[in-house]
Amino acid sequence: MSYDFRAVELKWQRIWKEKKRYEAKPDERKKFFITVAWPYPSGPMHVGHARTYTFPDVIARYKRLKGYNVLFPMGWHLTGSPIVGAVSRLKGGDEKFIRLVKEVYEMSDEDIQSIKEPIDYARYFIDKSDLGYKRGMESLGLSIDWSKEFTSITPTYSKEVEWQYRKFLEKDLVTVGSHPVKFCPKDNNPVTDHDLLEGEGVDIQEFFVIEYECTIEEETIFLPAATLRPETIFGVTNLWLKKNSTYVIAKVDGKQWLLSKEAARNLSYQKSIEIIREIDSSALEGKSVLNPITKESVPIICADFVQTDVATGVVGSVPAHAPYDLVALKGSIAPKSVIEVEGYSEVPARDIVRKMGIKGEEEREKLDEATRKLYRDERLKGKMIIEYRDFYGKSVEWAQKAIEEELVAMDRGTTIYEFTKKPVVCRCGTECVVKLVSDQWFIRYSDEKWKSSVREWLKDMSLIPPETRNYFSNVIDWLRDWPFTRLVGMGTKVPWAKEWIIESLSDSTIYMSYYTIADVMNNASIEVDDDFFEYIFLSRDNRWKGNEIAERAKAAFSYWYPLDYRVSALELIPNHLTFMIFHHTALFKKEHWPKGIISLGLVILEGKMMHSSSGVIYPVAQSVNDFGADVTRFYLLYSVEPWQNFDWRGAEARGIARQLQHFYDIATEIIDMKKNGEKEGNEKEHIDLWLLSTLAKKMDAYMDNMENFRTRAALQIAFYDLMNDYRWYVRRGGNDPEVLNKLLERWLTMLYPFIPHLCEELWELQGHREPISCYLEAPSIDEGSLKEESYLITLFDDIKAALQALPLEPETIYIYCIPGEEGMIDEDFLKKEFSSDVSVQPLNRISHDPKGRAKRAKKGKPALYMEGRDGAE
RNA sequence: GCGGGGGUAGCCAAGUCGGGUCAAAGGCGACAGGCUUAAGACCUGCUCCAGUAGUGGUUCGAGGGUUCAAAUCCCUUCCCCCGCACCA
């Protein structure tokens, strides 16, 4: 009978919803609380997301089978700028984006018209669109408790975020400082990589600026040379300015600097700059400047290769170690070596220029490469060879730091920021600059005390897969202060600085705690404050004590918390997952710190990365439509373990549909046998005992895998292994309806977490009134039947293998076995299987052995001899 | 550069921690046969090479080593993927 996946799935989804099957309330049972990263609904839900959410569903369903009271909730992450950006692109008539939205996201003109605010766009992808997340999750049959749904901008939740950050302020875990960002001068806003036309992935680099004093028209002017290698200051032979170019004299943080015109503009986003007058570089050629460290006087020289739009437009020249400088000087000034490095002569820059065959300063690509290579070698292996204080013999890295400190101390050094690659262009067409955002707030993850408490807790956490432990530990080590405030996007405002918004990763670190109380809060209309959270989370007595809402929330929190498992992605370990641990340790009592983290791998589509923005996606809605929810779920879990990367291939999904259909057919046959009352209550034969015993073994293995989240291994056992066992049973003549129904009962239970609709349906057809549960106890194991059957299977395989190498049709198969083993050989079965006569001859009763094969018989492995139909062997 | 993961038969992917039972699970694909009016459905078989007997040979990125024995342990080397922070 053809099984209608969709019809049955919709039926059960309706029943689950009507009976509120997955709404979890505290009770006397053991609890299991699992959460998964809430989606950011900025586009369609695709099969990659489907795996992320199906995996915890499988675990949740399994835990329910094991008798746990399970909470598996869901919410929506709306914080941040992409949704806001999408809406402005929609409204601004961005053609490329509108085409994507229409063709891939299936938005109609009306849909687009209806979107006025960012929240409308988010809502569209939550539950309005067929491709939306909530619909996708429901169509997959996820056992989510929707009564606890909320978003990251739900007002009461924002109150919790505010509480969290005020606590941080109190505990001195936040600090204010400055931070460089990519910035569009026209939009007057920071830009993210997604907002860029050009320059995606370009980094911001910190340059050190050395101020060289110079007297110009009787004024003291500083020439700020930007460099990545301040230690080479000992080898500076001259300064470079761009030939015939307009420079300016400007007041920068109280001092007079000479800057290129472009630099003055760019740097005005980092420092206070007041331009005094312009001056052409030619007017400065030949003047000399004072090296602040060596006190030497070196000349200013103009050259073409200087880029006025990079850094300051003033460059220190170190011909011994900088290929550009060496080439540009053309030997007019002798290089001064300051670093000695293995594999190079006294003037390393000359070596590499010769080796790479660089002819002139116009060969920029080669010069850039030479610069990179030389810098790497010198930094890694170089030693300082200058006689200055204790510098001689020290590493380049050490010297760099020492010089920086010294220059800063003598007020001749500072830092500026610059892109690693230019240009960086905003979507609006304007070239971006590096802006130094002052009064940017940071979370002080660098705090050693905080780090060590996180490290301590990490030891006790269950981390899946185990390799992630190391990863976490490294992340904790190199985690720096995190700027958590933004100027754009949706989110919660920083309570003490309302012009700032708390950015998306930073407002989602402890939201799991809110799930525990979300249903209470969703149905209450009260104004909460910090005290409220102090009371329910930390049991600090205050005016909320005795308040009905607060008491209910408190009870729910105490019951559900801590979080048992957080399900997320491998790529979130360097930020979100680690932040979560940090924040919990800082805010909650130790008994409420998260117990485990499962990090999932990514999903690719037919070998390609899926990106909603590129349109390379396979939406969940389509998969469910094409194959059904159970097939989609099964397929997402059967081929690799959750933490491995998964490649979605349509051809394989089709194969699964056939297999599940087949399973359905077998199951209904078994059910019909029972209905027809065939052979009820007979004494159990060997093969019946074998089936139940092997089933019991498989159940053990299944549970061992499920407990360790190896869903793939568990599913392989629960489906394919049992399918093979079933086939073998039937092949061996097994047909006891009672035994088969027992098998099916367990089979359905084991498969239920993976393909719940199909299992519920068959469970009902089998005549059960109650929902599937508690059928995970295995039948007893009859070791004897297992042993006997495996003897026969080995024999069967041997005969098959031998026959394969022979071109004959066997007339008689002679089997020579150790005396006593003959009882395990089912002659009738072998006769039937090989359409041949079978003669079993124990070694002490041999009657026919023309080739003397009997002597090859071993314990557990009989010897064989076969005679063909034509008389010939 | 730093950190993490990985390279297994036509493809995907187990196995590697705890060497042997590994020519190496499972799936997909291909092929053959069966069942059928027919089938993209199902069943059986087969898919490194050789073979008139359950076997032999050569394989697990490359090279070397340890061992009676290595896909599995050690060393060297090549290649691929991911993260490195304001992106959710």
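Convention: sequence-line order gives letters A, B, ...; per-chain numbering from 1.
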From the options Ile573(A), Ile476(A), Leu463(A), select the one residue that forms a side-chain contact (heavy atoms from CB on, under 4.5 Å) with Tyr471(A).
Ile573(A)

What contact category does Leu505(A) fall into here, base, sugar-phosphate, or nothing, at under 4.0 angstrom with non-hydrogen atoms?
base

To the nearest angstrom, how far is Leu660(A) atom CG from C42(B) atom C1'?
15 Å

Taking OP1 and OP2 of C86(B), is either one under 4.0 Å from a side-chain nitrogen or oxygen of Ser504(A)?
no

Considering only the P atoms, how many Å lie between G10(B) and U59(B), rounded to the nearest integer?
15 Å

A13(B) base to Arg712(A) side chain: any donor-acceptor pair below 3.5 Å?
no

What is the distance, to the nearest angstrom, from the CG atom on Leu572(A) to the C1' atom on C86(B)?
14 Å

Check the phosphate of A85(B) against His179(A), side-chain N and O only, distance under 4.0 Å to OP1 or OP2. Yes or no?
no

Option passing ring pair (Phe, Tyr, Trp, His ring centres under 6.0 Å) with Phe663(A) (candidates Phe634(A), Phe719(A), Tyr720(A)):
Phe719(A)

Side chains of Tyr618(A) and Asp626(A): is there a donor and an acceptor less than 3.5 Å apart?
yes

Taking atom C1' of A13(B) as reference, at what distance in whole Å does atom CG of Leu636(A) sit?
16 Å

For His576(A) and for Arg480(A), locate the closest nucleotide of RNA chain B by heavy-atom distance; then report the residue assigned to the nucleotide nearer the 5' terminus.
Arg480(A)

How would you label the contact of Glu641(A) with the nucleic acid (heavy atoms, under 4.0 Å): base, sugar-phosphate, or nothing?
nothing

d(NZ, Lys435(A); P, C86(B)) in whole Å:
17 Å

Just to verify, which of Leu660(A), Leu758(A), Leu636(A), Ile755(A) counts as forming a side-chain contact (heavy atoms from CB on, under 4.5 Å) with Val631(A)?
Leu660(A)

Under 4.0 Å, heavy atoms only, any strand: does Ala713(A) hit a base, just the sugar-phosphate, or nothing?
nothing

Under 4.0 Å, heavy atoms only, any strand: does Pro862(A) hit a base, just the sugar-phosphate, or nothing?
base

